[in-house]
2 protein chains.
Amino acid sequence: MDIRTLCLGVLTLHDSTGYEIKKMCQEGALCHFLEASFGSIYPALNKMCEEGLVTFRSESQEKRPDKKIYSITDKGRDVFQKSLLIDPLEDKYRSDFLFISLFAHLLDKEHMKRLIDQQIEYYRQRVKELKRSMSETQSPGAQFVSGFGEVTTKTIIDYLEQQRDLIEQASCLNNETEDA
Amino acid sequence: MDIRTLCLGVLTLHDSTGYEIKKMCQEGALCHFLEASFGSIYPALNKMCEEGLVTFRSESQEKRPDKKIYSITDKGRDVFQKSLLIDPLEDKYRSDFLFISLFAHLLDKEHMKRLIDQQIEYYRQRVKELKRSMSETQSPGAQFVSGFGEVTTKTIIDYLEQQRDLIEQASCLNNETEDA
DNA sequence: GTACCATATATCGAAGTGATATATACTTCA
DNA sequence: TGAAGTATATATCACTTCGATATATGGTAC
């Protein structure tokens, strides 16, 4: 799924500026699986404008740069509809945290605990965010995606808490053994 | 976490060829969060060789291209150890499937069910793979990472099965209503 | 008052993917 | 029997995308 398709998808939901598309990828119920940078969004919108998949109207703002509000065209909707039918690529989960964890034996136990705590904190924030945005009225698709995010996030938090406790217990046992 | 660090990490576990590093990213317990292409692995190994972080010995094979078996140097270990201490980037989950699901209202109900079934099948394979590789002796770090993969994958399967049933029921109800 | 954040667009170097090339042997299937 | 596909192995290249930076301005936090 390339950035062009991502932009078209957002524009089927409502007109947006490039800036707003980027924000959608960072916050709200969808942030956990969408991603795009300005460096790809703006060129994609410009290119699709030339190709007639989107149009824009400029809105001048006082003391701010002009907004370019993009809308999807009929041609754009056709292209988007077709791209939804392409076989989806495999899901991927990328995690520096898991990579580092693989080498836990090279790290201080306290450092590992701190990493897990950070991770737990981060995922708790995400659950809050998801709950907040799920309470807003959403399409069945968005409900499905948010629900997916919620159950996976909760599972991760449970797993991390449980593993953190195991490390804690192990180090207590170690201390007792050393004391004895 | 860049590809250089990924390669160094693998090489702290055992000497490898570029081809073997790539395979590690595709199968086994680690495949669910590691990723790298040949186009990044080979240049990274070459560069790090120049910089003295890795060395290699050539092994000529009958009727096959020579193997370049890479080993990490002490300097390489130092660099790797330090890169483990860098603050991990946020985890990201990228999914064409979830993106498409967001636009379920634009798709045929049967198409959606087929997509979910494919997804369930794919994750079932992953659980099998994870179980198989977890039974092999592994470091605590690898156990932790595999466990993470297992609980999240199982949660996803449960969620998808449950949602699939809901769609099924909804369409039954629709049919009855239409019949009435 | 100074640093930082939010709004808004845009560009650019660096990193990485996915496809392809090259070479060879084994397996699968019609 | 032969064609297609898979597996081993390295390498390169066009293209996509990221992350940082530039530009402009006002509000907020400390």
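- In this structure, CG of B:L45 is placed 15 Å from C1' of C:dG16, rounded to the nearest angstrom.
- The bend of the helix from C:dG1-D:dC30 to C:dA30-D:dT1, defined by the angle between the axes of its first five and last five pairs, stands at 50° to the nearest 10°.
- Taking Ile, Leu, Val, Met, Phe, Trp and Tyr as hydrophobic and joining them when side-chain heavy atoms fall under 4.5 Å apart, one finds B:L89 isolated, its cluster having no other members.
- Applying the under-4.5 Å side-chain rule to Ile, Leu, Val, Met, Phe, Trp and Tyr, the cluster around A:Y19 extends to A:F38, A:Y42.
- Salt bridge present: A:E51 and A:K47 bring a charged side-chain N and a carboxylate O closer than 4.0 Å.
- A:N46 places its CG atom 13 Å from the P atom of C:dC12, with the value rounded to the nearest Å.
- For DNA chain D, the neighbouring residues in residues 5-29 of chain B, judged by any heavy atom under 4.0 Å, are B:T17, B:G18, B:Y19, B:K23.
- In this structure, CD1 of B:I3 is placed 13 Å from C1' of C:dG18, rounded to the nearest angstrom.
- Nucleotides of DNA chain D nearest to B:K92 and B:I69 differ in position, and the one nearer the 5' end is that of B:I69.
- Near DNA chain D, meaning a heavy atom under 4.0 Å away, there are no residues from residues 80-91 of chain A.
- Aromatic rings of B:Y70 and B:F56 (six-membered ring for Trp) have centroids within the 6.0 Å cut-off, being under it.
- As rounded to whole Å, 13 Å separates atom C1' of C:dT9 from atom NZ of A:K67.
- Residue B:D2 contributes atom CG, which lies 15 Å from atom C1' of C:dT17 at whole-angstrom precision.
- The side-chain contact (heavy atoms from CB on, under 4.5 Å) with B:L8 is formed by just one residue from the set B:L45, B:V54, B:L84, B:I3; it is B:V54.
- Connection of A:L130 to B:L160 is not established within any shared hydrophobic cluster, with ILVMFWY side chains joined at heavy-atom distances below 4.5 Å, either directly or through further cluster members.
- No salt bridge links A:E161 with A:R164; every basic N to acidic carboxylate O contact stays at or beyond 4.0 Å.
- Under the 4.5 Å side-chain contact rule for hydrophobic residues, A:F144 and B:L106 share a cluster.
- When rounded to the nearest whole Å, the span between CZ of B:R94 and C1' of D:dT16 equals 13 Å.
- Here the rule is side-chain contact (heavy atoms from CB on, under 4.5 Å) with A:Y122, and of A:Q118, A:R126, A:R124 only A:R126 fits it.
- In this structure, the side chain of A:S95 does not engage the main chain of B:F33 through any donor-acceptor pair within 3.5 Å.
- C:dT7 atom P lies 15 Å from atom CD of A:E59, rounded to whole Å.
- Within residues 31-44 of chain A, the residues approached by DNA chain C to less than 4.0 Å at the level of any non-hydrogen atom are A:F38, A:G39, A:Y42, in residue-number order.
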Determine, stepwise, if the pair A:D2 / A:T5 fulfils side chain to side chain donor-acceptor pair (under 3.5 Å). CA-CA 6 Å; A:D2 58 18; A:T5 309; 2.7 Å; yes
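- With respect to A:D108 and A:R114, no salt bridge is recorded, no charged nitrogen being found less than 4.0 Å from a carboxylate O.
- Aromatic ring orientation, A:F80 versus B:F99: perpendicular (interplanar angle above 60°, classes split at 30° and 60°).
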